[in-house]
Amino acid sequence: MARYFSVVGTNTTGSATTASTIIQTGGFNLVLTKIFDITVGGPASAPNDYAAQYVIQRGTTASTVTSYTPLPLDAAGAASLAVGGTTATGINASAEGTWTATGVLLNFPLNMRATFRYVASPGAEFTNTYTAANPVGLRQSAASTAFVATGTVIWFE
Amino acid sequence: MLVVPKHSILRPSGTGILMDPALPREVQMDYKQCIHCQAVWKVEPGSGKMRGFCGKCNGPICGPKCLECNGPFDKQNDDLAAGRPIGSRLLIGVPLGGKQ
C-alpha cells in the first residue's frame, strides 16, 4: 500500500544569477518516489513584482542540503525510505549538485506575488531514476532579483 | 475556477493552478506528459512546438529529443532496478517442462 509524504522548504540562498534548490527528494536507488503535488510561491513577507522561473529537474549528483525527514501524511504511518540527509532528502541547498540540463520535467515562470500548484493525474507522477545519488529537485532556476521562494512537494512511494 | 477551454484536454497528465493577485480569479491549465522522459508541457494549441506520439509505447512524446524509444520511463526504471539493460524486452514464456 502506498505511503504518502510531504516536504516543505525554502531556498534562503535564492539568487538572481545562479539556480538554487528549494527541495531535493532522495529516492535514489532506495525507493521510487512518485511526486504528484507541487506548490510554489513567494515568501509571506515583502511581496514585490519580481519574477522567477522554477523547475522540477533530475540530477546525477545530489546537492548539499539541510536534512529534512519526509513527513508522513498519515501521522501513524511508517517512515519514508527516501530518508533525510545532507546529500539525501532535504531543503535549502548550500551547494548545488549536478542537475541534468535535459532533465527538466516541469518548467514554470512565476511572479513573486503568485502561487502555482501542479497536480499530476494518477499514473503521471514524476518518478526518480532508480540510480544511486540521482535526486529529483524543485529548483528556482532563474530570478529577476534574489528572493526566497517557498515550496511543498508531496509524493507516494 | 476559470478554465481556458482552448487549453483543456480530455485526459490530462496533470493540472496547473495559478493563483495570481493580478488575475481576477485562479487559472487552470492542463498538461500532457512524455511517455519516454516524464517531462510535462502545457497544452497550447497553435504554439508551433513540435510534439509527437510513440506508437510502440502508445503515448505522447515531448519532442524530437525523445524520438528514440527505449520503452516507457517506468519500464526503464524497472530495467534499472532489475539490473537489465535499459529497453530490454520482457520474455514471457512457458516454463521448461510445462504444457505448451
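This is a predicted model, so every value here is computed, not measured. A note on names: the letters A, B, ... follow the listed sequences, proteins ahead of strands, and every chain is numbered from 1.
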- request: Could you pull out the closest heavy-atom pair between Arg58(A) and Cys37(B), with the gap in Å?
  value: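 Minimum heavy-atom contact is NH2-O, 3.4 Å.
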
- prompt: Nearest heavy-atom pair of Ser121(A) and Pro12(B): which atoms, and what distance?
  reply: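 Heavy atoms of Ser121(A) and Pro12(B) come nearest at OG-O, 2.7 Å.
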
task: I would like to know whether Leu106(A) and Tyr31(B) meet side-chain contact (heavy atoms from CB on, under 4.5 Å); could you show each step before the answer?
output: CA-CA 10 Å; Leu106(A) 171 65; Tyr31(B) 284 73; 3.7 Å; yes

- request: Kindly compute the distance separating CD (Glu125(A)) from CD (Gln33(B)), expressed to the nearest 0.5 Å.
  value: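 If we round to the nearest 0.5 Å, Glu125(A):CD and Gln33(B):CD are 8.0 Å apart.
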
query: In Å and rounded to the nearest 0.5 Å, what is the CG to OH distance from Asn77(B) to Tyr130(A)?
result: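 Atom-to-atom, Asn77(B):CG and Tyr130(A):OH are 9.0 Å apart.
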
task: Using a cut-off of 6.0 Å, state whether more than 12 heavy atoms not belonging to Phe156(A) lie near its atom CZ.
output: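 Correct, the count exceeds 12.
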
query: Can you name the residues of residues 54-65 of chain B that have some heavy atom under 4.5 Å away from a heavy atom in chain A?
result: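 Contacts with chain A: Lys65(B).
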
field: Ile17(B) and Thr115(A), any side-chain heavy atoms less than 4.5 Å apart
entry: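 The answer is no, as the side chains (C-beta and beyond) never meet within the 4.5 Å cut-off.
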
field: Min side-chain heavy-atom separation Tyr118(A)-Met29(B) under 4.5 Å
entry: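 Heavy-atom side-chain distance check fails, nothing below 4.5 Å.
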
Connected via hydrophobic side-chain network under 4.5 Å: [X] and [Y]:
X	Y	value
Leu71(A)	Ile91(A)	no
Tyr68(A)	Ile23(A)	yes
Phe116(A)	Ile56(A)	yes
Ile38(A)	Val27(B)	yes
Tyr54(A)	Trp155(A)	yes

Per-residue contact mode, Gln38(B) against chain A (heavy atom under 4.5 angstrom):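 Both parts, heavy atoms under 4.5 Å.
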
Leading residue by heavy atom contact count with chain A [cutoff under 4.5 Å; candidates Gly16(B), Ser13(B), Pro21(B)]: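 If we count pairs closer than 4.5 Å to chain A, Ser13(B) comes out on top.
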
task: Pick whichever of Asp20(B), Asp78(B), Ile35(B) has the most heavy-atom pairs under 4.5 Å with chain A.
output: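 Of the options given, most contacts go to Asp20(B).
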
field: Criterion side-chain contact (heavy atoms from CB on, under 4.5 Å) on Phe73(B) and Thr129(A), from CA distance to verdict
entry: CA-CA 9 Å; Phe73(B) 184 85; Thr129(A) 309; 4.0 Å; yes

query: Relative to chain B, which segment of Leu32(A) carries a heavy atom at a distance below 4.5 Å: side chain, backbone, both, or neither?
result: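 Contact with chain B involves the side chain of Leu32(A) alone.
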
field: Heavy-atom contact with chain B under 4.5 Å, split by part of Val119(A)
entry: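 Contact with chain B is through both the backbone and side chain of Val119(A).
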
task: Please lay out, stage by stage, how Val40(B) and Phe126(A) fare under the test side-chain contact (heavy atoms from CB on, under 4.5 Å).
output: CA-CA 9 Å; Val40(B) 295; Phe126(A) 301 120; 3.7 Å; yes

task: Apply the test side-chain contact (heavy atoms from CB on, under 4.5 Å) to residues Leu18(B) and Leu110(A): give CA-CA distance (whole Å), side-chain angles for both, the deciding distance (0.1 Å), then the verdict.
output: CA-CA 9 Å; Leu18(B) 174 66; Leu110(A) 201 61; 3.4 Å; yes

